[in-house]
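In what follows, a structure is listed as structure tokens, so that the remarks can point back to it.
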Amino acid sequence: MKKTILFLTFILTLVVMAACGQSNKDGATGEKTADKKVLTMATSADFAPFESRDPSGKVVGFDIDLANAIADELGYKLEIKDMKFDGLIGALQAKRVDMVLAGMSATEKRKKNVDFSTAYNHSGEMFLTKKGSTIKTIDDLKGKTVAVQLGTIQEEGAKTLQKKVDFTLKPLDNSTTLIQELVTDRVQVAYLDKSVATGYMKEQGLAGFDDPTSSSPGMAVAFPKGSNLVGDVNKALQKLEENGKLQELKDKWLKDQQ
């Protein structure tokens, strides 16, 4: 009897160990399994109209609707993780998430560390100032303080621009803080994605001008290097463009920038 109990205990232990091993395999890989079909997406919810939190705290925006549409096309349930923008690439490299939608431009520098889908949106960049400011052109930035968001294409662009125009660069955690610094006169300029900037112009009564030097590669979905999701997501994006869903989302969220 004791031998029988010991044998059954041994078998049960093996079953539990096998289940634990399977659970570890079912991490952020984006692969479908019989028990789990979750696609984990990271974003930085401070970048309206692409991603932000509504009054109830829910993450909403163009990227969020697009991610849900992609997940539906591929048969996944979407799980969203909100984090700082400058931590998104690291999360992909550590494979803590399957993909990133965060208004992220597919720059050559980023391509060294992550893979990208085809571009789903092109915005360009813009300099924001307070109304009545004498800063109207890039040359007027001389001697001023320009705020940018850490880890963004705007931070990279501003550093390049500094080689031609002498201004102080102030990197900050998120776009909301950029605007707070601007309206309270702690900086004279905020440099942002144009779609985001035009929203702040209306909300805060700000002024601004386009960056004529920028050449944005376009926003794309980012993945860990070698992810098998890239091809599937590209097919989903193509379908969403062909059936009009992508344009529908742009009309909903980006109508002021089209």
Indicate the atoms forming the closest heavy-atom contact of [X] with [Y], along with that distance.
X      : Y      : answer
Glu125 : Ile153 : OE2-CG2, 4.0 Å
His122 : Gly218 : CD2-CA, 3.5 Å
Val187 : Lys170 : CG1-CD, 3.7 Å

List the residues meeting side chain to side chain contact (heavy atoms under 4.5 Å, CB included) with Ser123, not counting sequence neighbours, and say none if there are none.
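Expected list: Phe50, Asn121, Asp193, Ser195, Met219.
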If hydrophobic clusters are built by linking Ile, Leu, Val, Met, Phe, Trp and Tyr wherever their side-chain heavy atoms come under 4.5 Å apart, do [X] and [Y] end up in the same one?
X      : Y      : value
Leu246 : Val230 : yes
Phe116 : Leu92  : yes
Leu172 : Phe167 : no

Taking C-beta and beyond as the side chain, do [X] and [Y] meet within less than 4.5 Å on heavy atoms?
X      : Y      : result
Ser117 : Phe223 : yes
Leu192 : Gln149 : no
Phe47  : Phe62  : no
Phe85  : Leu150 : no
Gln204 : Val183 : yes
Ile138 : Phe127 : yes
Ser175 : Tyr200 : yes
Asp82  : Arg53  : yes

If only atom types and distance count, is the side chain of Thr184 paired as donor or acceptor with the main-chain N or O of Gln180 below 3.5 Å?
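Side chain of Thr184 to backbone of Gln180: a pair is present.
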Does the side chain of Asp63 pick up a donor-acceptor pair with the side chain of Tyr120 at under 3.5 Å?
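Checked: Asp63/Tyr120 side chains pair up, N/O donor to acceptor below 3.5 Å.
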Less than 3.5 Å apart, any donor N or O on the side chain of Asp46 or Ser44 sitting next to an acceptor on the other?
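Indeed, the side chains of Asp46 and Ser44 share at least one donor-acceptor pair under 3.5 Å.
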Going by salt bridge (Lys or Arg N to Asp or Glu O under 4.0 Å), Glu248 matches just one of Lys252, Lys250, Lys245. Which one?
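The passing option is Lys245.
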